[in-house]
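Proteins come first, then strands; the chains are lettered A, B, ... in the order of their sequence lines, and each starts at number 1. Note that the structure is predicted; figures quoted are calculated from it, not measured.
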Amino acid sequence: MNVHLLMAQVLAGIANGALYFLVASGLTLLWGALGVVNLAHGSFFMLSAFSAAALMEAWGSGAGLALAIITVPIGAALVAMALERTLFRRVQATGMWGQLLVSFGLVLVLNNVARLAFGTVSRSVSPPALFAGFVELFGLRIATYQLVVITLTVGVALYLWYLLVRSRTGRLIRAAVDDPQMLGAVGVDVRKLRTAVMGIAALLAGVAGVISVPRGAVNLGLDVQIVVIAFAVIVIGGLGAVWGSLAAALVIGIAEAVSTMFIDQGSEVVIFAVMVLVLLFRPTGLRTIAGRA
Amino acid sequence: MQRFDRASIAPLALLAILLALAPMVVPPSSLPGITRVLVFAGAATSLNLLVGATGMLSMGQGLFVGLGAYIVALGTIRFHMSLWTSAGLAVVVAIPLSALVALVSLRARHMFFGLITLAIGQVGFVFVSRNYSLTGGDDGLTGVVVPEWLDNDVSRHFLALAVFVLVGLLLLRVLASPFGAMLSAVRDNPNRVASLGANPKVFEFAAMLLAGCLGTVFGALWAYTQGSVEPSVVSWVTSAMLLMMVALGGRSLFIGPAIGAIVLELSRTYVQARSSNGDLVVGSIVIACAIFFPEGVGVALRDAVQRAKGRRGARADQRRTEGGAIQATENVA
């Protein structure tokens with residue numbers, strides 16, 4: 001076996017896992033802390049990827065990417081918050097079933113909107129010249145783009161850590177993970193918190209969507225593909241556990257990338273194999289809020 | 001608790017009569033669409049054995065529908081089996097498969113259980129869609145061989161109707177049995193069931209076996225009525241559609257999933273024939289139903305019927321007592 005090839009695959013897996021973490025971390029907070037199951041989370045990712053691809057085609061890949069990374073996630077967050085206030089809030093009282101129905105309907109609607117706005121042809125935009133090359137590091141050739149993805153994800157993870165540990169919103173979110181009823185009872189407006197977390201989650205999905213564009217093949221199947229992977233990450237990492245989902249996303253990303261060295265096709269199966277294996281030994285995931293799964 | 005008497009069979013019978021009249025009412029070209037609604041209604045009703053009766057959120061029913069469809073397609077096309085042999089073989093294969101799925105997925109509960117069943121279903125989908133030599137891969141299999149008596153739309157429709165009614169009666173009977181009572185006990189409070197000396201997992205396991213086999217039956221029916229199978233039957237799309245039919249129609253009602261299937265599948269067929277943006281309309285319908293009828297269209301329908309009955313009864317009361325019975329009914333409403 002070629003050690004260099006293995007290392008390259010591991011790195012590609014880490015870069016993919018970083019994307020999965022960005023998508024799953026918001027979803028796990030939203031579900032674990034505030035009880036919102038949002039199947040349409042992957043649609044935010046897909047719409048962001050399409051918007052970024054369109055911007056990069058219109059403005060050139062450098063300027064387009066710079067513009068997209070600033071505007072698209074914010075746009076995704078605003079859309080998500082509007083949807084939370086108009087749709088999700090109405091079905092909150094009816095529990096999980098209303099949310100499943102609403103978000104499934106949203107998956108269909110947003111997919112159709114994407115098809116109308118961006119067409120059915122899958123898009124590939126090459127990364128800006130600055131990120132297209134390779135760097136030599138410890139005798140390994142590493143794609144600059146992968147390094148950028150990993151760096152950006154580390155940055156977002158640090159921001160998330162700061163948000164959760166230091167800010168007031170973060171304290172409230174952590175309180176909601178522990179005991180949502182008590183949080184409401186002491187006078188915190190849990191509904192507003194829900195809207196805010198929905199926004200943050202969509203922001204993270206938006207970032208992931210934008211930086212996934214140079215990976216290639218932005219297509220209409222991305223929404224479900226990524227949300228299924230994100231749910232697998234949540235299941236493995238444990239509900240409501242941001243750092244559990246980081247570990248799970250990296251495990252999944254690496255397992256998926258390394259498996260392509262041994263099997264030709266069907267690397268998705270590896271994700272689910274990992275998921276089933278973890279759950280056989282730990283039915284509530286690596287880290288979770290005991291009893292609330 | 002579900003009972004097996006005239007009142008509980010009546011909605012099923014009414015639906016069956018309406019669907020039996022369909023070949024005389026609708027234009028012949030849209031009859032296959034109605035037949036497909038029937039197949040979906042049956043598959044959703046079998047899924048509701050898990051979702052509504054036992055409280056298990058299965059997202060992998062498509063695996064069994066696909067299993068039935070593919071075994072029948074493979075059996076008749078490649079191995080020249082007859083209708084009954086291939087359908088029987090499908091059910092026989094479904095037993096160990098659903099046992100395996102149950103063994104793995106029953107490790108977890110609620111949404112996590114659902115996500116594991118979804119994952120297992122996707123593994124099946126990848127297996128089917130990549131395996132070109134056996135299952136035809138993405139292209140699927142076309143040209144399911146049907147016996148001569150089944151070679152027209154009307155007889156296919158009545159075959160589907162017959163299977164739907166038979167399975168519906170079977171399920172109603174099962175739900176009315178002591179076993180069915182145990183299933184609803186497991187749904188309402190598994191801990192209490194355990195403390196009373198029964199193992200809730202055994203009942204969940206049995207429910208999964210039965211639902212898996214019945215899902216396979218409707219998969220076989222799918223292959224016979226559609227004439228072709230494709231990998232999307234196995235994928236999450238089918239599982240999610242079936243689950244949405246259950247939720248949309250009302251999981252607490254036996255006839256609910258069938259109503260959900262009619263609403264969802266008929267509107268989809270209708271819109272798709274006229275425009276390419278069917279998802280936009282169907283998605284909007286799903287969202288609207290979730291907001292206006294959170295417990296399901298079927299439940300809202302039943303309440304409306306009961307209110308109408310109550311009002312008629314109240315009017316009779318009023319004639320007798322001149323009291324405020326209408327007021328009372330309207331307060332309840």
Side-chain angles (χ1 to χ4, degrees), chain A residues 31 37 39-40 83 86-88 90-113 115-116 120 224-225 227-228 231-232 234-236 238-239 264-277 279-285 288 292-293, chain B residues 51 57 59 101 103-116 118-127 129-131 137 235-237 240-241 243-244 246-248 250-252 260 264 268 275-296:
Chain A
W31 182 10
V37 182
L39 298 179
L83 287 175
T86 50
L87 297 179
F88 283 89
R90 279 172 202 262
V91 295
Q92 188 65 33
T94 60
M96 193 182 65
W97 286 99
Q99 295 168 355
L100 279 180
L101 274 175
V102 161
S103 57
F104 176 70
L106 270 181
V107 170
L108 295 180
V109 168
L110 292 179
N111 192 283
N112 203 318
V113 167
R115 185 150 54 84
L116 287 178
T120 49
V224 170
Q225 194 190 339
V227 85
V228 168
F231 274 119
I234 294 177
V235 168
I236 296 174
L239 193 57
D264 292 341
Q265 283 171 324
S267 53
E268 300 98 324
V269 175
V270 174
I271 296 177
F272 299 125
V274 173
M275 174 169 148
V276 168
L277 265 183
L279 284 176
L280 283 181
F281 294 103
R282 302 199 56 154
T284 53
T288 193
R292 283 192 48 219
Chain B
V51 176
L57 183 76
M59 298 189 188
V101 173
L103 277 179
V104 175
S105 56
L106 281 175
R107 296 277 301 169
R109 297 195 57 79
H110 303 301
M111 270 304 272
F112 275 37
F113 165 81
L115 290 170
I116 298 183
L118 176 77
I120 298 174
Q122 283 302 97
V123 172
F125 167 68
V126 171
F127 174 77
S129 64
R130 301 280 162 79
N131 209 329
S235 78
W236 70 273
V237 179
M241 283 301 265
L243 196 61
M244 290 309 132
V246 171
L248 197 74
R251 65 192 184 283
S252 56
L264 214 58
R268 201 172 68 110
S275 94
S276 58
N277 296 319
D279 285 351
L280 201 62
V281 179
V282 175
S284 310
I285 291 177
V286 171
I287 294 174
C289 286
I291 287 176
F292 295 114
F293 313 111
E295 279 304 308

Legend entry - Heavy-atom pairs under 4.5 Å with chain B, option from V228(A), V37(A), V224(A) with the top count: V224(A)
Legend entry - Heavy-atom contact with chain A under 4.5 Å, split by part of V246(B): neither
Legend entry - Options L100(A), V113(A), V109(A), ranked by heavy-atom pairs under 4.5 Å with chain B, top entry: V109(A)
Inset, instruction - Side chain from CB out, backbone as N, CA, C, O: work out which of these in V102(A) comes under 4.5 Å of a heavy atom of chain B, or both, or neither. - result: both
Legend entry - Atom group of L116(A) that falls short of 4.5 Å from chain B, counting heavy atoms: side chain
Legend entry - Separation between CZ of R268(B) and CG of D279(B), rounded to the nearest 0.5 Å: 8.0 Å
Legend entry - Per-residue contact mode, L57(B) against chain A (heavy atom under 4.5 angstrom): side chain
Inset, instruction - Of all the heavy-atom pairs spanning L101(A) and A290(B), show the shortest one and how long it is. - result: CB-CB, 3.6 Å
Inset, instruction - Heavy atoms only, distances under 4.5 angstrom: which of A232(A), A273(A), G105(A) has the most pairs with chain B? Name it, please. - result: G105(A)
Inset, instruction - Spell out, as yes or no, whether a donor-acceptor pair under 3.5 Å connects the side chain of Q122(B) to the backbone of W236(B). - result: yes
Legend entry - Euclidean distance, F104(A) CZ relative to L264(B) CG, rounded to 0.5 Å: 7.0 Å
Legend entry - Any donor-acceptor pair under 3.5 Å from R115(A) side chain to S276(B) backbone: yes
Legend entry - Within-4.5 Å side-chain heavy-atom neighbours: W31(A) and I234(A): yes
Inset, instruction - Among the options V91(A), L108(A), V107(A), N112(A), pick out the one with the most heavy-atom pairs lying under 4.5 Å from chain B. - result: N112(A)
Legend entry - Residue, of N277(B), I291(B), L115(B), V286(B), that accumulates the most heavy atom pairs under 4.5 Å with chain A: N277(B)
Legend entry - Rounded distance (nearest 0.5 Å) linking atom CG of L83(A) with atom CG of L110(A): 6.5 Å
